[in-house]
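So the structure is just underneath, and the comments pick up after that.
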There are 2 protein chains.
Amino acid sequence: MTISSRYAVAIHILSLLEINKEERITSDFIAGSVNTNPVVIRRIIGMLGKAGLVITNPGVAGAQLARPIDRITLLDVYRAVQSDPEEELFALHDNPNPQCPVGRNIQGALEGTFAQAQKAMEEELRKVTLQQIVHQVSQEP
Amino acid sequence: MTISSRYAVAIHILSLLEINKEERITSDFIAGSVNTNPVVIRRIIGMLGKAGLVITNPGVAGAQLARPIDRITLLDVYRAVQSDPEEELFALHDNPNPQCPVGRNIQGALEGTFAQAQKAMEEELRKVTLQQIVHQVSQEP
DNA sequence: CGAACTTGTAATGATTTTAGTTACAATGCT
DNA sequence: AGCATTGTAACTAAAATCATTACAAGTTCG
């Protein structure tokens, strides 16, 4: 029922890349901050790369953000870490009984509402940029 | 990364209860429409009951809606089928490194944004009543 | 009353997802 | 040349999801 912590980790990674952009930090270093295995980090950076948010070079540490941080939104990151980009937030049960009026129409009735709810959530994520997160993280003691 | 289909099934069940409120439908009948096992239905009805949305009597078929359908929102149903009512929509990774400024502050920085995004989604669900769903389901051919 | 049904719930299983780990080829740096 | 690093596959472990079996406890109605 929850959105994978992979998302939170992705934001964590991007923040680290920004804050340490002068150095070249390794997946090992990032893993130390996130507190997980370096491979988990590399996998997520791979997704961020495919989504065009970071630029990486095989064998060389220090992925770079592909855009200025005020032009990367949390929605961009959310989309980037979705394994299946087609997948909707709300799951529908499959094969309800077409013989029954409810079974036949429930999917259509829910799709619209579910899409709207998902949209509302995504719009909130779109409003927040990485810059804001990095700012907050740097502010605190 | 998705919200359990238990939610869609719960809405399906409530719609059936409303549309067939004159009869006393069994979990077996509902299961036929949803296309799943009757026990799955009874479990979900159990959750709806604990949340005060339906009234059931052990041994007797035909759960009743506890309120008029225009006073049951999809948010009510959403909350009802959450196994852990404390659980947030967005998962945070646990134990980020407190030695690192990002590790130390990322949770706090994300909590607010995540809460807002979740709220936005929930508000959309609150806007829709069971009545609207039942109406749509009954409209279609 | 007693047979037939029904609910509520525990226990179990199958499948999928999530997160972590090991291993290693390929690449780049110095 | 040698060392560090990435990218990726393969595997494991744990959790979540959904389905199923089983059965006690309740209801209904002849």
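Reminder, nothing fancy here: chain letters follow the sequence lines and each chain counts from 1.
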Practice task
For B/Q64 and C/dT7, give me the distance from atom CD to atom P, rounded to whole Å.
Solution key: 13 Å

Handout entry: Whole angstrom value for the distance that separates P of C/dG8 from CD1 of B/I30
Key = 11 Å

Completion exercise
In whole angstroms, the gap separating C1' of D/dA15 from NE2 of B/H93 amounts to 19 Å

Practice task
Determine, using the 4.5 Å side-chain heavy-atom cutoff (strictly less than), whether B/L89 and B/M47 are members of one ILVMFWY cluster.
Solution key: no

Practice task
Can you tell me the distance, in whole Å, between the CG atom of A/L48 and the P atom of D/dT8?
Solution key: 13 Å

Handout entry: Carboxylate-amine/guanidinium proximity below 4.0 Å for B/R71 and B/D76
Key = no

Practice task
Test for a donor-acceptor pair under 3.5 Å between the base of C/dA10 and the side chain of B/R43, counting only N and O atoms.
Solution key: no

Practice task
Take the protein atom CD1 of A/I41 and the nucleotide atom C1' of C/dT22, then report the distance between them rounded to whole Å.
Solution key: 17 Å

Practice task
When you get a sec, tell me which of C/dA23, C/dG8, D/dA22 is the closest nucleotide to the side chain of B/V39?
Solution key: D/dA22

Problem - Stepwise salt bridge (Lys or Arg N to Asp or Glu O under 4.0 Å) check, B/E122 with B/K119 - result: CA-CA 5 Å; B/E122 292 181 351; B/K119 187 97 192 283; over 6 Å; no

Problem - Verify same cluster id: B/V81, B/L65 (apolar side-chain graph, 4.5 Å) - result: yes

Handout entry: Between B/T36 and A/H93: side-chain donor-acceptor atoms closer than 3.5 Å
Key = no

Exercise for the section: Establish, from distance only, whether the side-chain atoms of B/T73 and B/R126 form a donor-acceptor pair under 3.5 Å. Expected result: no

Exercise for the section: Let me know, please, whether A/N37 or B/T26 comes out on the 5' side of the other along DNA chain C by nearest nucleotide. Expected result: B/T26

Fill in the blank from the handout: Rounded to whole Å, the OH-C1' distance (B/Y7 to D/dT17) equals 18 Å

Exercise for the section: Could you check which of C/dG8, D/dT6, C/dA23 has an atom nearest any side-chain atom of B/T56? Expected result: C/dG8

Exercise for the section: Using atom CG of A/D94 as one end and atom P of D/dT17 as the other, report the distance to the nearest whole Å. Expected result: 15 Å

Exercise for the section: Looking only at side-chain atoms of B/S4, point me to the closest of C/dA19, D/dT17, D/dG7. Expected result: D/dT17

Practice task
With the side chain of B/R24 defined as its heavy atoms from C-beta on, choose the nearest nucleotide among C/dA19, D/dA19, D/dT28.
Solution key: D/dT28

Handout entry: Phosphate contact (C/dT7 OP1 or OP2) by B/S27 side-chain N/O below 4.0 Å
Key = yes

Practice task
For A/S83, answer base if it contacts any base atom (sugar-phosphate contacts may also be present), sugar-phosphate if it contacts only those atoms, and nothing otherwise; contact means non-hydrogen atoms under 4.0 Å.
Solution key: nothing

Completion exercise
Among D/dT5, C/dG20, D/dT8, the one nearest any side-chain atom of A/R42 is D/dT8

Fill in the blank from the handout: Per atom distances to the B/A61 side chain, the nearest of C/dT7, D/dT17, D/dG7 is C/dT7

Problem - Closest listed nucleotide, where the reference is the side chain of B/T36 and the choices are D/dT28, C/dA10, D/dA19 - result: D/dA19

Completion exercise
On DNA chain C, more 5' by nearest nucleotide between A/T2 and B/I25 is B/I25

Handout entry: Out of D/dT27, C/dA19, D/dA9, whichever nucleotide has its closest atom nearest the side chain of B/V60
Key = D/dT27

Fill in the blank from the handout: Judged by nearest nucleotide, the residue sitting upstream toward the 5' end of DNA chain D, A/M1 or A/D28, is A/D28

Practice task
Using whole Å, report how far CE of A/M47 lies from C1' of C/dA19.
Solution key: 13 Å

